[in-house]
Structure formats: structure tokens, C-alpha cells
Protein chains: 2
Amino acid sequence: MDKPSSPSRRITIVDVARHAQVSTTAVSKVLRNAYGVSPTMQTKVRQAIAELGYRPNAAARGMRGQTYTIGVMLPNIINPFFAQILDGLTDQLGGTDYQVLLGPGCNGEAEEARVTHAMIDRSMDGMILIAPISARKHLESVASTVPTVVVGRHGHSPTYDTVADDDLTGGALVVNHLADLGHQRIAHIEHHETDPDRLAEMPNAIRAAGYRHAMQARGLADHIDIASTTYTQEGGYLGAQQLLARPTRPTAIFAGADIVAMGVLDAIAEAGLRVPEDISVAGYDNTTFAAFRPISLTSVDQAGYQIGAHAARLLLDRIAARGRPTAQIKLSPTLVPRRSTAPPR
Amino acid sequence: MDKPSSPSRRITIVDVARHAQVSTTAVSKVLRNAYGVSPTMQTKVRQAIAELGYRPNAAARGMRGQTYTIGVMLPNIINPFFAQILDGLTDQLGGTDYQVLLGPGCNGEAEEARVTHAMIDRSMDGMILIAPISARKHLESVASTVPTVVVGRHGHSPTYDTVADDDLTGGALVVNHLADLGHQRIAHIEHHETDPDRLAEMPNAIRAAGYRHAMQARGLADHIDIASTTYTQEGGYLGAQQLLARPTRPTAIFAGADIVAMGVLDAIAEAGLRVPEDISVAGYDNTTFAAFRPISLTSVDQAGYQIGAHAARLLLDRIAARGRPTAQIKLSPTLVPRRSTAPPR
DNA sequence: ACATTTCTGTAAAACGTTACCCACGAACAC
DNA sequence: GTGTTCGTGGGTAACGTTTTACAGAAATGT
């Protein structure tokens, strides 16, 4: 005689145990497929679970064991590049019991701290931080509390794994492509960065470094020309305006991100110039926007899917063996030439 | 003499209580600013919390009370429109103790079920479902378990609140704008829908209905021409190809979403036609893509920010008073005319 | 001055799950 | 036949918070 005290109380492990005529411990063991449970017990419990439609309460689990939840923090959700990373992530995690939950887009250190804390408070089993801007110290402190993988940020840490694209090479890819086409006055729009920590770790800074090195390597050191704004459409617009106002205009602009290139194209159109006839433009990230045929923006592909997949694997590894030494995975970007770049006239 | 048993055990309410020389109950009351706590107690406890850097364990809270977590499910994260909704949502929730967590983009009923269940398992205090495609029955079942607001889906339910844009009006806005410009052969690309339930509730179906009604109202019933594909760039591309192959080509295409318009523009460019000289194009959603000057796509603005803000308010209301009757908020869209629409030649 | 109400604070019992430890029988080695 | 191991299952005590019930002090009314 089951007596459901409240009309629609949630089924608990106790209900399952009673229904299957076993102890709650046994049910718990089956749920976690722990050691020491016979095939008979397996089927008996699994059947009871199915019949009752039981689902474990994550909060209760979190108090003793794991929550089977992985937190992902990302700076914003509009960048299609992040969507690719997420796809790689969720595909990799698809077969496991883990569920991914995202923090809402957060820009600024304060919001990042808020989100990371919120995730720690909710006893996430692991965290993936995508392109965080927080001070390294904060990342370390998060990682020392919960298994963590940092994506899209260079520099290696003793506490967290990293997965990133080789932005130095990426920057060089663009410069070489444009130089091969015959360009000399190749300008760059970067995300302004002053903090020394971040100068060494943030992708934007490394891309700019890649640009500089490659320009030097091609003997174009004298033509190095950088507009320092932000990685936004607005930033691209303002940066391009600066560059177009130079006494001698650049013949090519390398925007540090596709979203920046959008602003650049805007400013160029406004100035009455044509792409690529008057000026070549290249972006970075190979977003759907770049692939859009009427735009057809030369860009650098970061293999976001692979980045996500690698991050997921590293995280699962680290959850299983928290002590293991950290790994740094670096992937190679590829150039995707399109119609926005052509030889200078 | 505090003896921290483990090297870095997390601070609990017990530690705070001991440090402030009060009971754990008192601390709990302060945390929830519950009734019956003196100003003295307030300051004493708050100081202890600050000194120890205590943060409540959400899992433990979830077992008895609330988790202070709101789950948001959205179909994908690349649509900038959803970002606007989220902004409205988080701004509205900013002052409260609630934290928003997003389910990863999920398309398909199976994935939606997975995410909603995962959120229920994690005892979320409330859920916001954005443009869900699941059967109504499933939405009802979710809403009967946890306070729920459904965004971007029409039809009213006894268990959940809804916030949506008036898509009927939205569709009419576009038709009237094009008809005012002098167009007659105005075609539409819709997201194919057969399920009767969804035909009455999904925005895509209602937009198509708005198109039909407005065409009739303007005496253009004979020119109604619908290509039925999907709300994707690919769908727009294929739909436009169909429409362009008609014996008499339409002079204007109303794409059901900006992402669809992207594919339309692509197909038009490929066919060697110009926008708006040869054919006018309008989208829906007013994404950043539409606002991008070189594209300059006429579109319908859905006031995503307001939608999000309203949804948040309704949800907080419902959490406070679960029994209250459900509300349906309908917002008016506005047309944003740009350069992609012009009088026919 | 006494009875009654209101206000503060505490103790103890949940909440649903997992971890730890122990008991039992069967199989095995001597 | 006696000890030892192994495989299987259960009992019980956590985990950190909120809720309920209650006691004492202070304030109020008569």
C-alpha cells in the first residue's frame, strides 16, 4: 500500500527501494554503477526506476557526491565562434551523465567573478572558462576549488588545463597572405591591452604580436601600423576611420576579429571605397558572417569544434584524476581566403 | 580555537554561527532576511559573514528551501535576438539574489526534454523557456512542477505565463510597408509547420498568417505566394531559389527571419540580381546583421529587451505567488525600414 | 502588580543522497 | 573441518541548510 503523502511529491530513492524491495544503498549503488552489485539486483532496481519514473535529486547528490553538472562561462553569447566551441563540448559530453549549464554572457571582471562564484556555490563538478578576462590569480583560485579548463587564453598554470588556438601563427597567416598578394602597408586593429599579465596571455594581444613579428620577418617593419581600439563592431568602425585618415592610407586592414571587420567594412563603405579594389580586409574567427557570400570575408578559422571537444576531454580527465599535471593544448589555425582580399592596385 | 579539520574546507553556516557566537538558525534568518531578527543580530552576523568570506551552499539550500537559480532554455545561442532577451532578463534580475543559468542551445523535442528535466532535477526556482518547440503537453507538465514563463510562443495556458510579440501584426507591418511602396507580387518564406498545435502557437506560423491576412486586406490575395522551408540561412537560400524560378518573379520577398534573409540575399546575388533595384527584401528580428550598414536590411524589431524584462517580472511574481492566474503579455513590434526595400521598377 | 501579547533567539528535525563500515553466506586453501 | 577470502547487500551517519516548534525576555494592556 503506497501512500503518497502529498498529491504530487517527487519520487525519491526511498520509493524506488521500497518498490524494488531492496535497500536505498543498493539503489544508490546501481545509480552510480558502483562496485558490488549483482546482475539480478541491477535489473530489479532498473525496472523499479523505470516503472516509477524516478530521477535523482541533484541537490541531494551535491551534498555528498557529485552534481553531474559542468559549468561553462563565456563572455557573450552572440559570437558564433563560441557556439562552435559549445557544439564540440556538448557532443563530447553527450554520452556521459554530465549536463552542461552556461553562465549568462558576462563581460568585465566583476561579472566573471559573480558567475564563477555562483557556479562554485552550486557545487559544479567542473568548469570551463571561455576567453576569461579575469586576473590570473582569480582563475587560479577558481581552479584550486574545482577542476577547471581555461579555453582561449595562453600561458600555463599549475592548476588548470588550457586549450587555445595558436594566435601567433594566426596573425602571421594573415600577414603572409596579404604580403604574398603584394601588400606592404598592412595595418592592424587590435583590442587595447595594457595589463602585463594579459598582454602575455590574451589572444588579442598575441594576435597583435603575431602581426608584428610577421611584418618584421617580411621586411615590412616600417609599415607596422596599429589602431588600438576594442574587439567590437564599434571598435572596428573607429579603428578603420583612424587608419583611413592616415596621410598614406594602408592598402590592407587586418581586423583582429570578424566582428571588428564588420565595423571596418562599414567605415570603408562610408568613405566611398570598395573592397577589395581599393582596400583589402581580413578578419579572424571565420564566423558565419565571414562566410556569407555577399560579404565573403577572408578570415582565420580557429577550429572551435575541436577546441570544445578537447576542453571537454581534458575536464573529464581532470575530474577523474584531480592531481594529474596540467596540460596545454594548442591548435593550429588555418587561413580561409575569400573575396575581400586581393592584390593592391 | 578554530580547528580547520581539512586544509581548505569550505566555510559553512556553522562556522559563521560559532564566529558570531549565535545559533545557526539566526544566521540562516539573516541570510534569508526572514522575520524576527534584531538590528544588533543583523550587524553581528553580517560582519561574521564578511570576515569569513562565507557563501551559502546552494545544494544544501536546495534540499530544504530555494536554490536561487533560474533556468533559461533557448533553442540556440547564435541568434542575437536571444541575446537581447537575455539582457532584459538579467538586468531585471540584477538586483535580486537569483542567478540565471542557461541550458545549452537545444533544437529538437528530445533535447528540450533533456534540458528541462535537467533543470527540474537541479531544483531550479523558476524556468524561462524561450521559443520552445515541444508539444504543449510537455510545457504544461514542466510548468506544473516549477514556476514557468514561456517566451515567444502564443496561446494561453492555465499553468504558465507567456510573453510574446504580436507576430500577426508584425507580418502585416511588412506587407503594408511593401504594398505602400507599390509592390504587388510580395512573396513570403516561412518555416514549414504541419502540427496543428504549433500552427496556432508558433511565431513562424503566426507571421505567415499575418502575411496572408494582410495580403487579403490589401486586395492582393491573388499574389499570395509562400515558399515553405525552414528558418535557417540554408532555408532562405532554397526558398529564394524557388521563388526566383517562378514564371513571373516576385518583386519583393518577405523572409520570416533575418537569418532567412541572409540566405535570400545570397541567392539573389548569385542570380545576378540587385537589392533593392531588382527585388526588395525584408527580414524579421532586427538583428545586428540587419542593422549592418552595407546590408541595411528592412526588418521588424521585436523589442527583445522588453520581452526579457517582462518575462523576468512575471516569473518573480509567480515564484512569490504560485497560485495566481496566468498572464499573457503581448508586445507590439515596429517596422525598421532600411535600404533593402524600395518601390518596384 | 499581574496577565497577555509580541519579539528574539535556540534546539532539533527534516530534506534525499552517498560514504563508510559491517554482516552474512559461499567458495576456497590448508 | 577450520580459517580466510571474496562477493553481495544493508544499516547508519553524515552533508549544510531551512523549517518547525518552543522558551524566555521584553513590551503592552488592564
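Here is the naming used below: chain letters follow the sequence lines, and residue numbers restart at 1 for every chain. Hydrogens, waters and symmetry mates play no part in the numbers below; they use all other heavy atoms, side chains included. Just so it is clear, the structure is predicted and the values come from calculations on it, not from any experiment.
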[X] and [Y]: side-chain donor and acceptor closer than 3.5 Å?
X        : Y        : answer
A:Asp125 : A:Thr67  : yes
B:Gln328 : B:Thr162 : no
B:Thr69  : A:Arg122 : yes
A:Arg313 : A:Gln92  : yes

Can you tell me if the side-chain N/O atoms of B:Arg61 get under 4.0 Å from OP1 or OP2 in D:dT18?
->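 Result: yes.
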Parallel, tilted or perpendicular: rings of A:Tyr68 and A:Tyr98 (30°, 60°) =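 Judged by the thresholds at 30° and 60°, the geometry between A:Tyr98 and A:Tyr68 is tilted.
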Separation of [X] atom [atom1] from [N] atom [atom2], in whole Å?
X       : N      : atom1 : atom2 : result
A:Gln66 : C:dT18 : CD    : C1'   : 11 Å
A:Asn57 : D:dG16 : CG    : P     : 17 Å
B:Arg64 : C:dT17 : CZ    : P     : 15 Å
B:Met63 : C:dA13 : CE    : C1'   : 13 Å
B:Ile49 : D:dT17 : CD1   : P     : 10 Å
A:Ile13 : D:dG10 : CD1   : P     : 12 Å
B:Arg18 : C:dT10 : CZ    : P     : 15 Å

Contact list for DNA chain D against residues 20-44 of chain B - heavy-atom distance below 4.0 Å |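 Only B:Thr25, B:Ser28, B:Arg32 qualify.
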Ion pair present between B:Arg198 and B:Glu109, side-chain N to carboxylate O less than 4.0 angstrom?
->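 Salt bridge: yes.
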